[in-house]
Amino acid sequence: MRVKELAAGRRLSTESSPYGTAKAILDGVLVPTVGALSCRVTSKFPYNWKLPTPLQFCLEFKEKQAFQRAPLRWGRNLIMQRMAKFALVCLIVCAGLLVWADGGAGGGSKGPSVRLPGAAFAALETINPEHIRWHVRFLSHDLLEGRGTGQRGGDVAAEYIATQFAEYGLKPAGDHGTYMQRVPLVGITTLPETRFSLVPKQGETMNLKLLDEYVAYDQTQRTESDVDADIIFVGYGIEAPEYNWDDYKGVDVRGKVLLMLVNEPPSDDPKFFKGKALTYYGRWTYKYEEGLRKGAAGVILIHQSEMASYPWEVVRNSNSGEKSFLKLEGPALKVASWIHLDAATRLASASGMNLDKMIQAAQSRDFHPVSLGARLKAHMVSKVRNFESNNVLAVLPGTDRRVSDEAVMYTAHWDHFGIRPDMPGDNIFNGADDNATGCGILLEVARAFGTGAAKPRRSILFAAVTAEEQGLLGSEYLGKHLPFSSGKISLDLNYDDVKPLGAPEEVQVAGAERTTFYPVVEAMAKDFRLAIRPDARPEAGHFYRSDHFSLARVGVPSFSINEGTKFKGHPDSWGVEQEREYVDKHYHQPSDEYHPEMDFVGDAAMARFGFALGWEAASLTKLVGWQKGDEFEAARVKSQQ
Ligand SMILES: [Zn+2]
């Protein structure tokens, strides 16, 4: 009963009582107490919350407070009663100091201590791994047909999520008072009639084989386009003044086809393209965008597993069948393509060049675009289908009218690859890990906020977005059509592919260190007994590969929350092995399926961690920002003018 009272966040009377002085520390005392106690009473709680010594003081305090209401039983006269009150306040102050001292000694972090109100902790505590399991089980069921964007199964998934939001009492934040935000899309299928030929200076024309040797889309969204243009090798295809790097050197590439490398010049210098970490310049989306800005007719990316950080199968699977694009609002590339490394090697040698040497040359600042003397002759034939999909948006309005037009948001994409009717065998891309898990977490966080006894000051926006697998399209659209002004969104926390592997000992928050919120993240991680695992492979550019990036582009401080690689009861290498096996065998494959033996304790841990962070961000005096000099700082400043 006592636990319940504490958890319900019943505040001790403070304002006009002698206990006012203790108010500042009450949350600090109560919160870990509730957590610690819960740890003992519910075995599901996945953390080793410390049982702080002040616990007893708190409980005593509650008891004595009750006595106080019957002063005759409490003291014989007023002086004694006042003395008792004074002693009690002293006890509480000491208790608070003890908790803080204890926390401070633990990790040496100077970050703020976490002081969520009791009600927030009570809500956090209701987050249940089994709830997440149920969502994942349903969303990744064969009946949902792989949740393809614009496919029936995807629409069912969106409807399911909207229904859950409604059940949690959240307000619709989509179009016309609904939970759905319509995202106008165009589905393009590159048809087998497409011809994609590399015509070198000498020797035979190379007619590349779709999917085996190349993938390509006509981004003009027309049914037929022809390209017959010179191929220019532009190295990495990057123009980055801040790193004093320009692969184009002012060469006019209008109407040409640009052959380029993925990734960016290798470096260990953190001041040069952030060292080993990948910047946006290294992403294929940037390459297409930059090529288009330069007026090129087409872009051909050379796939190399190491540079791309994934094998050809991933390129092939992500670029076969129908692919979606946001409905066009300007010029576009006629050919946006990848070719297999072997094809690029053959093209280079047929052009009297050596691909290895070309790659080498591209690593120099003095690199200059090279014409291969070869042409791309492409006849792009596409099936073009206009359709729409939906982002599912819900809001929990903030309780403080002065800041309720400001928000903290959570995102997770609901889409996956749908069904591939042409594929033999199992052709349903169930996407259990990717990203039914993220949706399950988003829903569980939404439920905790929506049904909790207390609500935060700022609004909380929940967005289950579509078309992530098609290039972050749903979130891109959302970023351009936010229900709150982007400058008033304090933070976006994203969940993508949070594997059900059991209790984590680490958390990954890559990108958080780039925001002003990082001290809170550090303190929270410490309270949750989670070590912050630095991005194991910053060179893979995970930051640019999920939906939080779409929000970052419009200035919103944002990052994904995920587990690290250390899990309870396993050696350190186990998590790494699990990750490797997943990438090799299941990532973006039909075998990414739900299994009953999956353990969602880690997903619940990530949900709780994110819930606490979101609550904190929604309560801070200031909005979160990007660190000075960060690549997204300019967008943030612009959005807040
Ligand atoms: Zn994903």
Side-chain angles (χ1 to χ4, degrees), residues 132 135-136 139-140 144-151 153-154 157-158 161 183 278 283-285 308-311 313-315 317-319 321 323-324 389 391-392 410-418 428-443 445 462-479 492-501 508-511 535 537 540-552 558-563 578-579 582-594 598 600 602-603 606-607 610:
I132 299 174
H135 295 310
V136 172
L139 289 170
S140 63
L144 272 87
E145 299 167 348
R147 304 188 306 279
T149 299
Q151 294 182 359
I161 292 165
V183 181
L278 189 69
R283 292 284 295 145
W284 56 270
T285 44
S309 86
Y310 38 78
E313 282 64 40
V314 172
V315 176
N317 279 336
S318 319
N319 292 275
K323 185 163 169 156
S324 314
S389 184
N391 290 329
V392 193
Y410 291 88
T411 46
H413 73 88
W414 59 252
D415 66 297
H416 201 52
F417 290 108
I428 300 176
F429 290 72
N430 306 77
D433 280 7
D434 187 9
N435 185 33
T437 55
C439 292
I441 293 172
L442 179 91
L443 287 173
V445 171
F462 300 94
V465 295
T466 183
E468 189 268 358
E469 305 289 12
Q470 311 291 333
L472 317 182
L473 299 181
S475 56
E476 183 184 337
Y477 187 84
L478 175 62
D492 171 49
L493 299 172
N494 184 59
Y495 290 101
D496 193 355
D497 207 332
V498 183
K499 292 175 190 65
L501 296 173
Q508 290 203 60
V509 287
D535 191 349
R537 292 166 64 232
H542 291 295
F543 189 80
Y544 307 99
R545 288 213 218 155
S546 193
D547 294 300
H548 60 266
F549 172 56
S550 293
L551 280 308
S558 52
F559 56 92
S560 283
I561 295 174
N562 212 327
E563 300 148 338
Q578 299 297 309
E579 178 67 23
Y582 171 77
V583 171
D584 291 349
K585 295 189 185 152
H586 310 299
Y587 176 62
H588 289 186
Q589 306 285 344
S591 60
D592 177 3
E593 291 175 311
Y594 171 73
M598 284 173 163
F600 289 89
D603 297 73
M606 295 299 111

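For ligands, and for the atoms within them, numbers begin at 1 and follow the listed sequence.
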Suppose we screen for salt bridge (charged side-chain N to carboxylate O under 4.0 Å, His left out). Which residues come up paired with [X], at least two apart in sequence or across chains?
{"X": "E593", "value": "none"}
{"X": "D535", "value": "none"}
{"X": "E476", "value": "K480"}

Closest heavy-atom pair and its distance - D497, N562: O-ND2, 3.0 Å
Considering all heavy atoms, the nearest V465-D415 contact: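 Looking at all heavy atoms of both residues, the shortest contact is O-OD1, 3.7 Å.
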Testing the 3.5 Å rule here: is there a donor-acceptor pair between the side chains of T411 and D547?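 There is no such pair between these side chains.
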Counting no waters, what protein N/O/S atoms lie under 2.8 Å from the Zn ion (ligand 1)? H413 NE2, D434 OD1, D496 OD1, D496 OD2
